[in-house]
Protein chains: 2
Amino acid sequence: MTKNERKPGRMSEQRQQRIRLEISREAARLFWEQGVAATTGEQIAAAVGLSVRTLWRYFRNKESCVEPVLAQDGDEFVALLRRWPRDVSLEDHLMEWAINRTKDPDQQSFDQAVIKMTVLAEKEPDLRTVWLMTNDRIERALVEIFADRLRRSPDDIEVRLHAAAATAVVRVISEDISAALMAGADPTSLGNTLGQMARAVHTATGGAVGDPVDP
Amino acid sequence: MTKNERKPGRMSEQRQQRIRLEISREAARLFWEQGVAATTGEQIAAAVGLSVRTLWRYFRNKESCVEPVLAQDGDEFVALLRRWPRDVSLEDHLMEWAINRTKDPDQQSFDQAVIKMTVLAEKEPDLRTVWLMTNDRIERALVEIFADRLRRSPDDIEVRLHAAAATAVVRVISEDISAALMAGADPTSLGNTLGQMARAVHTATGGAVGDPVDP
DNA sequence: GCGCTAAATGACACTAGGTGACAAGAGGTT
DNA sequence: AACCTCTTGTCACCTAGTGTCATTTAGCGC
């Protein structure tokens with residue numbers, strides 16, 4: 001029985017992730033309040049209560065400190081697509097998201113940070129690179145997911161084109177929604193965002209992705 | 001007559017661009033030979049024969065030194081689309097590119113650098129961010145071009161979705177072609193790359209972009 | 001609870017990326 | 001020629017980020 005994989009002294013994955021998330025929130029707050037350039041690593045470290053050296057062990061550089069925040073929605077989206085049943089349409093499946101989203105205040109304040117960073121990423125070049133890299137990772141995940149669903153190779157150029165186009169339209173819609181919310185739009189007045197995404201993906205993939213497929 | 005716009009002492013735009021290009025070539029060479037991380041700003045400056053301080057006046061940071069090389073094909077592509085006549089299909093118009101491309105050896109060696117950096121950008125994260133930012137600029141340009149062609153507003157979400165999807169598929173095809181050429185593929189054996197791009201754009205935009213439109 | 005061990009952290013020194021300020025040099029104008 | 005203005009180099013300086021090693025801490029067996 002190789003039951004116990006944890007080595008002595010090793011922190012739990014959860015604890016590590018919680019620290020990363022904590023850093024990310026503080027970094028996002030500081031970036032929002034005073035801009036990226038004006039925020040130093042020292043400030044971020046101090047805000048979380050870590051030494052600067054330790055900060056750089058959690059993140060390779062200043063900008064990527066907000067990566068967990070920026071990647072939040074994208075990672076959820078990918079996870080959602082991973083459990084997309086073959087006999088269900090994309091639009092129907094995406095509704096799961098809306099239902100599953102918890103409404104606790106901590107989650108909501110985090111969502112606020114996600115929106116702020118998404119908006120900030122439109123103007124701050126240093127954050128834009130992080131945002132684009134995040135979407136690049138999503139694209140690579142979609143290649144696998146689409147290849148699986150279409151029963152084609154992940155190397156198939158068509159599959160990669162579909163993944164790239166789908167990721168691109170989802171990103172643009174995310175940016176659009178974030179900007180609208182940031183401008184004070186009522187979340188309920190936004191209409192069926194997920195439906196819009198599903199239709200955009202269907203269109204951008206030339207109809208190849210979105211409909212139910214043979215089991 | 002405000003004939004003379006040149007101020008005393010000011011360098012010509014062309015000269016500035018030539019220097020940027022020269023830096024870019026050397027940076028690309030060094031990045032290729034020894035990797036991005038192992039290449040210092042000092043080395044790049046020395047290779048071009050500039051002081052380090054001057055190098056940082058031409059480029060904000062090390063990675064963006066290769067931006068002119070990485071942006072080369074994209075900028076040409078955008079320029080090509082800007083003069084796309086309304087009554088011509090995309091596929092037909094793109095043929096102009098193949099015809100116009102000069103075959104002089106200097107251009108060819110530069111093309112080699114473009115291919116190398118495109119391939120390198122797939123693995124080197126620092127270069128990937130530059131590559132993605134380059135494509136982001138292309139996307140913004142396509143928004144304007146598509147808006148103009150479709151007689152819609154650049155703020156129109158549909159227009160932006162089309163631009164994003166189109167840029168994404170063009171990027172993926174570029175990456176694919178570069179990898180193939182780098183692997184030693186015969187350029188003539190690649191088939192109709194431009195035709196492939198035109199069809200991919202047509203598909204990714206749901207047929208909205210690619211056909212001739214009303215004048 | 002008590003140790004044990006390996007990982008996590010902090011402190012310090014150090015390199016590299018980059019900027020501000022100012023003086024020297026180069027280009028064009030008269 | 002003198003003159004003006006932009007460009008370049010030099011130097012001082014700051015921040016981002018790494019290597020190293022001593023110290024602390026988290027989890028495990030008891």
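The shown structure was predicted, so the numbers you read here are calculated from the model rather than taken from an experiment.
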Round to the nearest Å and state the distance from [X] atom [atom1] to [N] atom [atom2].
X       : N      : atom1 : atom2 : answer
A/Leu55 : D/dT15 : CG    : P     : 15 Å
B/Gln16 : C/dA26 : CD    : C1'   : 14 Å
A/Arg57 : D/dC21 : CZ    : P     : 13 Å
B/Arg20 : D/dT7  : CZ    : C1'   : 15 Å
B/Tyr58 : D/dG9  : OH    : P     : 9 Å
A/Leu50 : C/dT9  : CG    : P     : 7 Å
B/Asn61 : D/dT15 : CG    : C1'   : 14 Å
A/Arg15 : C/dT9  : CZ    : C1'   : 11 Å

Of the candidate nucleotides [options], which contains the atom at the shortest distance from the side chain of [X]?
X       : options                : value
B/Arg53 : C/dT19, D/dT8, C/dA11  : C/dT19
B/Trp56 : D/dG17, C/dT19, C/dA11 : C/dT19
B/Lys62 : D/dT10, C/dG17, C/dA11 : C/dG17
A/Ser12 : D/dG27, D/dG9, C/dG10  : D/dG27

Basic-acidic side-chain contact under 4.0 Å: A/Arg128, A/Glu124: no
Is the shortest distance from a Lys or Arg side-chain nitrogen in A/Arg20 or A/Glu13 to a carboxylate oxygen in the other one below 4.0 Å? no
Interface residues of residues 30-48 of chain B with DNA chain C (non-hydrogen, below 4.0 angstrom): B/Thr39, B/Thr40, B/Gly41
[X] to [Y] - nearest heavy-atom pair and separation:
X        : Y        : result
A/Pro125 : B/Met133 : O-CE, 4.0 Å
A/Thr39  : A/Lys62  : O-NZ, 3.0 Å
B/Ala198 : B/Leu90  : CA-CD2, 3.8 Å

If you look only at distance, which donor and acceptor atoms sit under 3.5 Å apart when one is on a side chain in residues 157-165 of chain A and the other is two or more places apart or in another chain?
{"unit_1": "A/Arg160", "atom_1": "NH1", "unit_2": "A/Asp155", "atom_2": "O", "d": "3.4"}
{"unit_1": "A/Arg160", "atom_1": "NH1", "unit_2": "B/Asp176", "atom_2": "OD1", "d": "3.2"}
{"unit_1": "A/Arg160", "atom_1": "NH2", "unit_2": "B/Asp176", "atom_2": "OD1", "d": "3.3"}

Could you tell me how the ring of A/Phe77 sits relative to the ring of A/Trp97: parallel (under 30°), tilted (30 to 60°) or perpendicular (over 60°)? tilted
I want to check one thing: is the phosphate of C/dG10, taken as OP1 and OP2, less than 4.0 Å away from some side-chain N or O of A/Ser51? yes
